[in-house]
There are 2 protein chains.
Amino acid sequence: MAVTIKDVAHASGVHVSTVSRTFSAAHLVNAETRARVLAAAHQLGYRPNRAARALSTRRTGNLGLIVADIANPFFPPLIKAAQAHARASDHHVFVADTDEQARVEEELIRSMATQVDGALLVASRLSNRVINELSADVPFVVVNRRPPGLPAVLMDVASGARQAVEHLAGLGHREVALLSGPRASWTNQNLERAAAEEAERHGVRLHRLGPNQPTEEGGAAAAPDLLATGATAALAYNDLVALGLVGELRSRGLAVPDDLSVVGVDNTDTARHCDLTTVDMPTAAAGRAAIDLLLRRITSGDAPGTVTLDTRLIVRGSTAPPAG
Amino acid sequence: MAVTIKDVAHASGVHVSTVSRTFSAAHLVNAETRARVLAAAHQLGYRPNRAARALSTRRTGNLGLIVADIANPFFPPLIKAAQAHARASDHHVFVADTDEQARVEEELIRSMATQVDGALLVASRLSNRVINELSADVPFVVVNRRPPGLPAVLMDVASGARQAVEHLAGLGHREVALLSGPRASWTNQNLERAAAEEAERHGVRLHRLGPNQPTEEGGAAAAPDLLATGATAALAYNDLVALGLVGELRSRGLAVPDDLSVVGVDNTDTARHCDLTTVDMPTAAAGRAAIDLLLRRITSGDAPGTVTLDTRLIVRGSTAPPAG
DNA sequence: GGGGAATTTGCAAACGGTTGCATGAACATC
DNA sequence: GATGTTCATGCAACCGTTTGCAAATTCCCC
């Protein structure tokens with residue numbers, strides 16, 4: 001059915017190889033011939049078959065993008081930016097949702113391997129060992145992760161986390177809870193470390209709670225433990241956790257920020273709507289940067305280093321001085 | 001580099017065609033041989049090259065999923081459900097974001113055409129003519145659209161819209177504004193029609209405003225016109241528009257729902273967080289149903305009909321009786 | 001034990017492109 | 001006018017897999 005290079009060759013009276021060159025190495029074909037071929041191609045509605053081309057060139061023009069949960073509002077802006085940026089270089093993006101499960105993640109990457117030139121791993125839950133193993137098949141760029149030897153884009157949550165703790169300390173909070181996220185999350189590790197250091201610096205006592213599911217349910221479920229600590233403020237792994245917590249507190253008759261201050265991480269649209277103080281993550285910039293690194297790695301084969309993007313605190317209405 | 005069928009053939013002492021059959025028509029190969037081939041394949045870490053396979057079979061095992069805006073929280077649950085469902089049938093999903101632009105949408109579909117077996121068009125902005133033209137190249141299933149002759153999954157916003165108007169009328173509102181969305185949106189057309197009918201039935205005057213951008217900015221921008229109408233309640237094209245409106249009203253010193261009731265459409269997570277009354281759209285179910293239709297269409301070639309899913313109003317705190 | 005069917009395998013031609021090499025034409029150089 | 005370049009094109013092999021056809025083997029039945 002589809003019109004192939006052969007049809008174009010026949011229609012324009014040249015060999016298929018000439019047609020091929022017209023599209024992939026135009027300078028090798030005579031201007032006049034090229035015009036004839038292009039006219040025929042256009043008239044027939046010819047479009048090169050990327051899969052077939054990939055067979056010889058070993059370039060599919062596709063990129064993979066692996067995320068833990070598309071429905072987590074942290075990801076869509078990154079996906080969107082990455083995709084738009086990839087499209088500008090004539091690359092398509094395969095988006096895959098791993099459902100936060102390492103096993104699914106691995107399987108998706110494996111089955112995607114032959115169809116992409118490279119992949120972005122965002123907030124991967126895989127072990128470094130597995131990542132390294134897989135990276136033999138597919139060139140990776142990771143986001144918010146630091147497997148040794150792989151190019152990475154990092155949204156350095158530490159800077160924002162320090163600002164958050166400082167902000168809370170400045171408001172007068174002396175007992176702050178940290179609702180941590182998945183153990184395997186690089187962001188979580190950094191968050192924990194930075195928060196602990198900064199708490200120490202300000203003489204704030206930090207109660208670590210977790211790991212929690214990085215979802216609203218996780219945040220809601222953490223409420224009892226949190227209340228038991230006597231903390232007057234909470235810093236959550238991400239906005240979903242923060243909002244889950246806020247919801248649960250409200251349904252227990254507690255007011256935010258009057259009874260308890262809450263800070264999230266990610267600065268999702270939802271946080272903005274809910275007037276949540278949060279750490280802004282430059283997701284769109286990270287998406288673009290990651291695509292840049294990946295394309296550079298693919299085309300020139302070099303393994304470019306690490307890009308670190310700063311984060312910063314956005315103060316909104318969910319934080320206030322402690323009650324009493 | 002990658003291990004191919006040839007390597008497996010060599011390692012197990014059979015012809016490549018036997019290896020091929022082991023994977024795609026196992027019953028044609030002797031049990032003993034099959035075991036040997038599988039062992040070799042496993043040991044070498046062989047994975048069939050889908051792109052190469054696609055060349056002969058004309059089946060890529062990939063599906064396209066075209067959405068207007070991944071960052072609109074309406075889409076991710078649908079994407080997620082569709083993808084999980086597709087994966088269960090060993091299909092991959094190409095997600096593409098059109099940025100609400102018909103031109104981009106068309107181009108994406110065209111360049112995706114050779115790499116997918118079929119595609120889901122969600123809330124397409126293309127004209128029926130273009131959709132039909134493209135559907136010669138790619139089997140489509142559309143969501144929230146009714147191009148004649150194409151299988152469709154419809155989330156019937158009309159039922160929810162009627163409930164919404166009835167709800168507002170019941171609260172005592174007599175002047176309701178409708179903040180409509182993109183002209184090309186099937187959902188918008190249905191919403192307008194159903195709201196108008198139901199308003200008529202309840203003696204409510206409906207002020208149509210729009211078309212508005214289906215974003216928060218669009219909602220915010222509509223505030224002045226809305227206030228000029230003297231309406232005491234607003235029904236918005238979607239939750240984003242509703243929330244944009246709410247934000248703008250608040251910044252003008254107006255309270256929701258005390259001064260004005262607002263109803264959204266989609267029942268996104270954001271709406272839930274913001275306590276917005278809204279029409280629930282069964283996005284996950286629609287995603288699954290659409291994949292079902294698409295796979296059926298692809299495998300058995302028949303063009304199954306239309307699936308309609310009902311919507312219903314979720315009453316929350318953004319609606320109340322009119323002031324005074 | 002001979003004939004036919006069924007089972008298992010190999011061969012080779014596709015699928016739609018790309019690309020190294022060879023051929024041929026046009027042109028310039030001396 | 002012989003020689004050497006450059007440019008444009010064709011030829012054919014190849015990318016990894018599938019599949020119709022034929023050959024070879026085994027099995028069954030009379």
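Chain letters run A, B, ... following the sequence lines, proteins first and then strands; every chain starts at 1. Because the structure is predicted, anything quoted here is derived from the model rather than measured.
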Any salt bridge linking B:D99 with A:K80? Criterion: basic side-chain nitrogen under 4.0 Å from a carboxylate oxygen.
yes
Using only atom types and a distance under 3.5 Å, with no angle test, would you say the side chain of B:R125 pairs donor to acceptor with the backbone of B:Q101?
no
Under 4.0 Å: is that the gap between some side-chain N or O of A:K6 and OP1 or OP2 of C:dC15?
yes
Reference residue A:I5; test side-chain contact (heavy atoms from CB on, under 4.5 Å); the match among A:V16, A:T18, A:T22, A:V37:
A:V16
Counting only heavy atoms not in B:Q213 (residues, nucleotides, ligands), do more than 12 fall under 6.0 Å from its CD?
no
C:dT18, OP1 or OP2 - any side-chain N/O from A:R53 closer than 4.0 Å?
yes
Given A:H91, which partner from the list A:N62, A:D117, A:T60 fulfils the side-chain contact (heavy atoms from CB on, under 4.5 Å) test?
A:D117
Categorize B:T33 for me: base, sugar-phosphate, or nothing, with a 4.0 angstrom heavy-atom threshold over every strand shown.
sugar-phosphate
Contact check, side chains of B:E106 and B:T98, non-hydrogen atoms, under 4.5 Å:
no
Nucleotide C:dT8, atom P - distance to NE2 of B:H27 in whole Å:
10 Å
Report which part of the nucleic acid A:R47 touches: base, sugar-phosphate, or nothing (heavy-atom distance under 4.0 Å, all strands).
sugar-phosphate
Between B:R36 and B:E32, is the closest basic N to carboxylate O distance under 4.0 Å?
no
Counting any heavy atom closer than 4.0 Å, what does A:V14 reach on the DNA or RNA strands: base, sugar-phosphate only, or nothing?
sugar-phosphate
Over how many whole Å does the gap from A:R50 atom CZ to C:dT18 atom P extend?
12 Å
N/O to N/O distances under 3.5 Å, protein versus nucleotides 19-24 of chain D:
{"unit_1": "D:dG20", "atom_1": "O6", "unit_2": "B:R21", "atom_2": "NH1", "d": "3.4"}

So, A:R110 and A:E105, do they make that salt bridge, N to O below 4.0 Å?
no
Where the side chain of B:V29 is defined as all heavy atoms beyond and including C-beta, which of D:dC15, C:dG17, C:dT9 is the nearest nucleotide?
C:dT9
Side-chain N or O of B:N30 less than 4.0 angstrom from OP1 or OP2 on C:dT8?
yes
Just the rounded figure in Å: distance from C1' of C:dT18 to CG of A:N49.
13 Å
Rounded to the nearest angstrom, tell me the gap between atom CZ in B:R59 and atom P in C:dC15.
18 Å
Return the angle between end axes of the helix from C:dG1-D:dC30 to C:dC30-D:dG1, with five pairs used per end and rounding to 10°.
40°
Test item: side-chain donor near acceptor, A:R146 and A:N128, under 3.5 Å
no
Side chain of A:Y46 (C-beta onward), nearest among D:dA8, D:dT17, C:dG17
C:dG17
Atom-to-atom span, CG of A:L28 to C1' of D:dG10 - whole angstrom:
14 Å
Roughly, in whole Å, what's the span from CD1 in B:I5 to P in D:dC15?
14 Å
What integer distance in Å separates A:H10:NE2 from D:dG10:P?
13 Å
Rounded to the nearest angstrom, tell me the gap between atom CZ in B:R58 and atom P in D:dT17.
18 Å
By side chain to side chain donor-acceptor pair (under 3.5 Å), which residues pair with A:N49, not counting sequence neighbours?
none
